[in-house]
Amino acid sequence: MTVATISLIFHPRNFYGQPDNMYECASDLEILNARVLGRADDLGGGFDAAAQQFTDIIAWDIRGHSEEDVQKWRDAAVTVSYAASVAEMWADAVKAFKDERDAQISTWETSKSEKESAVPSAYQGDRITESHPQADGFLWTDWGAGDEKKCRDLYNELSTVQEGLITREQTNWDKLEEIAEDARRMLEEGPTPDNVSKLIEAGNASWGFLSLDPSRYSSLIGDDIELTPENAEEYANDLAAYWSGDRPIDDRYHELMLVMSMLGTSAKQHQENGTEFSSDEVGFLEEFYKQLEEPYLRDGVGAGVMLYPELMAESGMSDEERERALGVLGDGLLALSDPRIGGGYDSLPQSFRYAVEGPWINPDADGKMPATPVSMGMDMKALSAFMEHTDDNLEAGYGLSTNLHLATGAFLDAWGHEVHDSDGVLPDSEQVSHMVDVASRNKDSNYYILTGEHLNEEPGVPHGDADLRTQALEGTLTFEWHDDGHTARQLTDWLAEDVHSEDPELSQRAGDAFTGFMETITDSEMHDALTNTGVSVTEGDNEYSDASFTQFNGALADSLADIFDAHIYSFANGDILDTNGNAVKGIGDFDPDTGYVRMGPDERAQYMQLLMGNDETAGRVVNSVDVYQQIEAVAYLESGDGATSARGSAQLQGLLERALYLESADRSADLDATIARETQIADFVVSEAGNLSEKIPVIGQGVSKGMELGKDSIVGAIVDGDYDVSPRFPTYTSELYVERNFQVETLDFVLENDPGVLNEDTRRADLRTLVDGGALSIEQDGRKLEPGDITDDFVFDESVTLDFEKDPSAWTHNEGRELSGMDDALGKIMDATVLTANTTDPHTGEPVEHTAPGREWVEDFTGEYNSAYRTTRDYFGGELEQFGEPPEEE
């Protein structure tokens, strides 16, 4: 079925600079500054983590230098540090712009897909425009218009979404242009105190400028910059008066806020450098929040610091001033929560900890009142206000991150439906997402939520029981997010991003987390909860009342597809049966050398079923499977290891079809009608093919690592983009199709690596058949040759270039007798072509050459493939669902 198209578009402007390159530039400047200061052993730039004397900062012996020379040194260090800070500010702005643009695109694609899927079947396949179809109801009403009115409504609803996104897009673009102008001006003006103040407020500079040149920058915060527990009371009382509206904002307020901003930036630098706050700074933060807390407690009970968002809302502060103040408070709480830099969960104010924990964790703690929907809603909204405006690069400690995850997820599991339907008592989806965002920054905490095992646990912090963990994960995944799961996917994205990292610790953590995540989501109860969520979804004429979470959280589905791509070798190459003929069960350990995880066939199919729940993701995965099969074929032709390559490709095909069957069965049970998923997602397979190029290196890297191929392998060339692989559709499993498919792979391999072999025994008539049938294009000296130009004495030399179409459905001769003729020509070329691979003798381990005609290579591979596919099919009782039927042959 061809899906309807609504003729509205939304394409936000893009900025093509990459924040990673800008961050790298800032990092290079920081390294340069460390060298200027003689701190080559401290390239992390620890000199700006706290206020110091200039003579303590610089490592060179400058005591004999004149003051003039010392000032030149100061000026040089200030200039380089300033340039690095401006570069970081600009990188932050570009990153924020791109993140918001991605969120806009995600919202648009989700809304457009939903509206187009909801078009009545009578108009599926049509282009719905402002005038088609007309809703010609009775008189001036739309009574009787039926399907036409439904189309009009869907068009208008999507138009409203488009208008809102256009406004968001303009705001985002204007903000980027504004910061670009600021960055240009600041670079032209140089490190003036006012410009440095702006960098500090933005979180891109800290104590470094005061330490490098105190006479120039001390005016930013007055004469006394020392932070100790003793002066925390003054800071807290003064700021509380401003935040409550008792005192109008003045220069003193900006001075205090500058100091607090610098503390947040300093915390981020400590986290990046692996250093800690001084004991005085930690003591300052503890006492600061204690002083903010006490006026709003009575006998240890009360709102405490959680009241400040409400106070600020009523104080007359502007939105910008309020957001900055909330960000400063939020950053301070995150910094104070982190034991890695000197804080800890127990250092946080009681009211904040109790708000985080809610009724889910440590409910009988002293001073904790029983939760009601109203009190819980107020606490969570205040938490959201603090978290929303924190620095994106600042992490909370393990205890705080984990409890934010647990309590937020449990809340969504218990109250998720009410969040969408509430009258403002409970936080909405966007407010809840800010807590998930902050919690997900700490990957050790994510590890626990995904696996149930603590990694670098913070001692003494209560986290509830094991059931709370699974409840929280279920709630986070199955909640119907306003942003399609874009924020929540941070919980899982790192599994794919880190598993192939060159840092062994990051790779091991991501690999181990994947195994624990697989164990969690393939548990029978959890898997049932994820595939039957109780959420209603309308697609075309079908209304599902019990959808899979991937059906409505497309960004989360996409994240799981990234994980599938990163571990595709493990999905393909695990055994179906063990050596005793018994089914493989459960999830094994992650092997960091090969990236391999042994998984049972049922567990693999269950995971892939989740991917099949979303049309776009399913299309992506079908393409990934096809690309994987092509890469495995190349690996076989290069290495001669036929059994492993063919078996993995066949099993992956069978698992894909099993996943399709399971998802189809779930949808059919929900509707009490037969649903054939392969026809529903066919268009998405084609549309997603163009977006696959960035995934091919990931899949290729998994194959190369899993098969332990060297960096000079052809698979390595695929990873580097030097060897083209493209998806084909549809994918069939008939033995004739498999044979044709692998003959195509073999000929393409020959043409890519040694086309001169065609000069030996290959008949030119067979090549003419391929040229005439649209499979092979030959050029000589830039001129495209016709079949008649390929004479019997034609020679393939350096003047000849060849281009081979690997998708048989794209050939002009792709049906009936003509296709049979193409198969015959391919077969004869295989008979005439001899291939050699460097392989290893399985008995001696010695390197040997495997030389055989192409026909033998094809037969070995397809024999193993078909045998493994039959084993997979038999294991699942034949309950598989293929993409259509193979083309009929004559």
Side-chain angles (χ1 to χ4, degrees), residues 85-86 88-97 99-101 103-104 164 167-186 192-206 220-221 235-236 238-265 268 292 305-335 381-394 427-428 430-431 433-434 437-438:
S85 296
V86 174
E88 184 182 274
M89 181 190 78
W90 177 232
D92 286 347
V94 174
K95 181 178 183 298
F97 171 83
D99 287 346
E100 166 62 11
R101 182 178 184 273
Q104 293 166 18
T167 300
R168 277 178 61 181
E169 190 270 347
Q170 187 62 52
T171 300
N172 196 34
W173 183 261
D174 290 346
K175 186 175 181 180
L176 182 70
E177 286 192 321
E178 180 183 344
I179 298 177
E181 176 59 26
D182 283 345
R184 182 196 63 77
R185 178 187 53 75
M186 291 169 74
T192 66
D194 186 54
N195 286 340
V196 169
S197 176
K198 286 182 170 62
L199 289 171
I200 293 172
E201 290 178 13
N204 300 114
S206 186
L220 295 178
I221 58 172
Y235 275 72
D238 286 353
L239 284 171
Y242 291 113
W243 291 335
S244 65
D246 291 342
R247 184 184 300 178
I249 289 176
D250 53 21
D251 289 344
R252 170 63 175 165
Y253 174 76
H254 294 298
E255 179 183 307
L256 295 172
M257 287 293 289
L258 194 60
V259 175
M260 298 303 298
S261 297
M262 291 165 67
L263 267 175
T265 305
K268 180 175 64 174
L292 292 179
V305 299
M306 306 309 295
L307 191 62
Y308 280 89
E310 182 180 341
L311 289 174
M312 291 179 190
E314 299 173 354
S315 67
M317 298 173 71
S318 68
D319 289 345
E320 183 179 354
E321 290 167 341
R322 183 178 55 82
E323 289 171 6
R324 183 189 172 204
L326 289 169
V328 161
L329 278 174
D331 285 347
L333 289 164
L334 300 193
K381 288 180 181 180
L383 279 173
S384 175
F386 286 134
M387 300 299 102
E388 179 181 3
H389 303 292
T390 55
D391 189 313
D392 289 342
N393 297 307
L394 184 62
D428 60 26
E430 186 171 359
Q431 289 171 316
S433 72
H434 301 314
D437 169 41
V438 170

Between A240 and Y308, the two heavy atoms sitting closest are CB-OH, 3.8 Å
Taken in chain and number order and not counting sequence neighbours, the residues that satisfy salt bridge (Lys or Arg N to Asp or Glu O under 4.0 Å) with E388 are none
Would you indicate whether the side-chain heavy atoms of Y253 and L258 approach each other to under 4.5 Å?
-> no
Side chain to side chain contact (heavy atoms under 4.5 Å, CB included) between K268 and D331, intermediate numbers included | CA-CA 9 Å; K268 180 175 64 174; D331 285 347; over 6 Å; no
What pairs with R247 under salt bridge (Lys or Arg N to Asp or Glu O under 4.0 Å), at least two apart in sequence or on another chain?
-> D238
Hey, are the side chains of L311 and L307 touching, using non-hydrogen atoms and a 4.5 Å cut-off?
-> yes
Looking at T167, D174, N172, which one forms a side-chain hydrogen bond (donor to acceptor under 3.5 Å, both in side chains) with Q170?
-> D174
When you check the gap from the basic side-chain N to the acidic O, do E255 and R252 get nearer than 4.0 Å?
-> yes
Are side-chain N/O atoms of E177 and W173 paired as donor and acceptor at under 3.5 Å?
-> yes
With the threshold set at 4.0 Å, does a side-chain nitrogen-carboxylate oxygen contact exist between E321 and R324?
-> no
Check: S261 main-chain N/O paired with T265 side-chain donor or acceptor under 3.5 Å | yes
Is it the case that T192 and N195 place a side-chain donor and acceptor less than 3.5 Å from each other?
-> yes
Could you tell me which non-hydrogen atom of S315 sits nearest to which non-hydrogen atom of S244, and how far apart they are?
-> CB-C, 3.7 Å
Compare every heavy atom of T390 with every heavy atom of G330, then report the nearest pair and how far apart it is.
-> C-CG2, 3.6 Å
Rounded distance [0.5 Å steps], CG in L256 versus CG in D251 = 11.0 Å
Going by heavy atoms in the side chains, are R101 and E169 under 4.5 Å from each other?
-> no
With side chains defined as the heavy atoms from C-beta onward, is the minimum distance between H254 and I249 less than 4.5 Å?
-> yes
Nearest-0.5 Å distance, OG1 of residue T171 to CD of residue Q104 | 9.0 Å
With a cut-off of 6.0 Å (strictly less than), are more than 12 heavy atoms of other residues, nucleotides or ligands near CD of E320?
-> no
List the atom of K198, the atom of D194, and the distance in Å for their closest heavy-atom pair.
-> NZ-OD2, 2.8 Å
Could you please spell out the steps behind the side chain to side chain contact (heavy atoms under 4.5 Å, CB included) verdict for N393 and D92?
-> CA-CA 10 Å; N393 297 307; D92 286 347; 4.0 Å; yes
Does any non-hydrogen side-chain atom of Y242 lie less than 4.5 Å from one of D250?
-> yes
Which atom pair, heavy atoms only, marks the closest approach of R168 to A103?
-> NH2-CB, 3.9 Å
Of all heavy-atom pairs between E88 and G203, which one has the smallest distance, and what is that distance?
-> OE2-O, 4.0 Å
Can you measure from CG (L292) to CG (L239) and round to the nearest 0.5 angstrom?
-> 7.5 Å
Check against side chain to side chain contact (heavy atoms under 4.5 Å, CB included), H389 and L329 = CA-CA 9 Å; H389 303 292; L329 278 174; over 6 Å; no
Between K175 and E178, does a salt bridge (charged side-chain N to carboxylate O under 4.0 Å, His left out) hold up when you go through it step by step?
-> CA-CA 5 Å; K175 186 175 181 180; E178 180 183 344; over 6 Å; no
Rounded distance [0.5 Å steps], CH2 in W90 versus CG in N204 = 13.0 Å
Could you state the interatomic distance from CE (M186) to CD1 (I179), rounded to the nearest 0.5 Å?
-> 10.5 Å
Gap between atom CG of D437 and atom CG of D392 - 0.5 Å precision | 6.5 Å
Side chains of R322 and W243: does their closest heavy-atom pair fall under 4.5 Å?
-> no
Mind checking whether L383 and H434 have side chains closer than 4.5 Å, heavy atoms only?
-> no
